[in-house]
Amino acid sequence: MTNTIIAKFGGTSVADADAMNRSADIVLSNPDVRVVVLSASAGVTNLLVALAEGCEQEKRHDLIDQIRRIQYAILGSLRESVVLREEIDRLLENITMLSEAAALATSAALTDELVSHGELISTLLFVELVRQRGVEAEWFDVRKVMRTNDRFGRAEPDTRALHEMAQLHLAPRLRETLIVTQGFIGSEDKGRTTTLGRGGSDYTAALLGEALGAARVDIWTDVPGIYTTDPRIVPAARRIDEIGFSEAAEMATFGAKILHPATLLPAVRSDIPVFVGSSKDPAAGGTLVCNKTNQPPLFRALALRRNQTLLTLHSLNMLHARGFLAEVFGILARHSISVDLITTSEVSVALTLDTTGSCTSGNSLLTTALLTELSSLCRVEVEENLALVALIGNDLSRACGVGKEVFGVMEPFNIRMICYGASSHNLCFLVPGENAEHVIQALHKNLFE
Ligand code: ASP
Ligand code: MG
């Protein structure tokens, strides 16, 4: 364990020259920050994804122009550096070439190669900015150490290889200089570029923290920490100063969009605290996610996940039978679908689909092929436009009176499904989408205010 801190800055924190300067202030104010992990400047990844989907020439030029404008605006704020300008231009040319290729034929590997340019450019600009402020810094290509499998678009890190490579190539450099590197991207065995999935830079920071034995990982974003619920839904929501790993992990999986859901895996594994704060207002403090917190409260937070689909499978064959659920889960697994919540009765099983854990995203999860296969086994009912409200807390399934308190508040609402007891950290309700905000407001008012 060292004093090393890994500081990660999200897209809004490197969106333009002002944002980059504020982020540099944060880095330079703490000598323990030795590794800086950056996202692409805000908006750039979306533009690159659009290019990777393949578009005709006019649209392509327009998208590339938008990227060039965002990056040139930052470049223009720096003292002229011929080397940097040439490098940025070379990467912009790559983008043009790769998006022409994508217009002919798209592929997951090509997409990753293309979108990686956002992080490559933002890190080049940031290194120069730090150097022009008189501090020595080194641009480091994270693909040298971030080894992943070849599941393009959602690659999984090889943590053993990462550890080895990071100890070899990265650890010795930290003593000498500040390292600036890319979030989100990696490379597979053949050296082709991969990505860890949208929002994956948080995950990169935590993985590097683990590989380097860091003392802390700081995630700088545009909100000053984790709140009891989304302040846009409940203005009275409060910032949580300290929260346990498992509670924060529940929040991330249940839709609080502050941390990439995988971020806490390496943090928990290696017991590295994670701090979340706003680069716009570092003085406002933030939330520390760590192993032990003082007196964890019964009710901690409320998370909301919209656009949930509920599948209810009815089969009389389930009556006193065995193996039915195994068959259902086998089919779902073959279609690369990750199940989220589940409840059962004697002749039916109801489940929701996990869009982040599954292979494709969004509505395309429920393919005709899947429904046909399930229908050969049982009667299938599909309900859409539901929302998942998760009450996160501690010892929820062991404390007395939780039911009375919570269900009392839920009285005016229709609850489509309840999951309670599998984890002592959450109690989940599936409610009609149009009720979701009211449910959150009512629960917050009664349990948190
Ligand atoms: N730039 C990538 C994205 O927008 C990764 C990240 O921001 O974490 O998804
Ligand atoms: Mg981001």
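Each ligand, and each atom within it, is numbered from 1 in the order the structure gives.
- A salt bridge is absent between Asp141 and Lys144: the closest approach of a Lys/Arg side-chain nitrogen to an acidic carboxylate oxygen does not fall below 4.0 angstrom.
- Contact atoms of ligand 1 toward Arg198: 3 (C), 4 (O), 9 (O) (distance under 4.0 Å to a heavy atom of the residue).
- Under 4.0 Å from ligand 1, not a single heavy atom of His260 appears.
- Residue contact check for ligand 1: Gly10 places no non-hydrogen atom closer than 4.0 Å to it.
- Between Phe299 and Phe448, the two ring planes are tilted [angle within 30° to 60°].
- Looking at ligand 1, you won't find any N or O of Lys8 less than 3.5 Å from one of its N or O atoms.
- In Glu58, the CD atom is not crowded: 12 or fewer heavy atoms of neighbouring residues, nucleotides or ligands sit closer than 6.0 Å.
- Taking the centre and axis of the six-membered ring of Phe329, the NZ or CZ atom of Arg334 falls outside the cone set by 45° and 6.0 Å.
- Taking only nitrogen or oxygen atoms, main chain and side chain alike, Gly199 reaches within less than 3.5 Å of ligand 1.
- Close N/O approach between Asp202 and ligand 1 is not found [any backbone or side-chain N/O within under 3.5 Å].
- Under a 4.0 Å criterion applied to the non-hydrogen atoms of Ser39, ligand 1 contributes the atoms 6 (C), 7 (O), 8 (O).
- In this structure, the ring of Trp220 has its center less than 6.0 angstrom from the ring center of Phe275.
- Scored by the side chain to side chain donor-acceptor pair (under 3.5 Å) test, Arg238 finds no partners at all (sequence neighbours excluded).
- For ligand 1, the atoms lying closer than 4.0 Å to a non-hydrogen atom of Phe184 are 2 (C), 5 (C).
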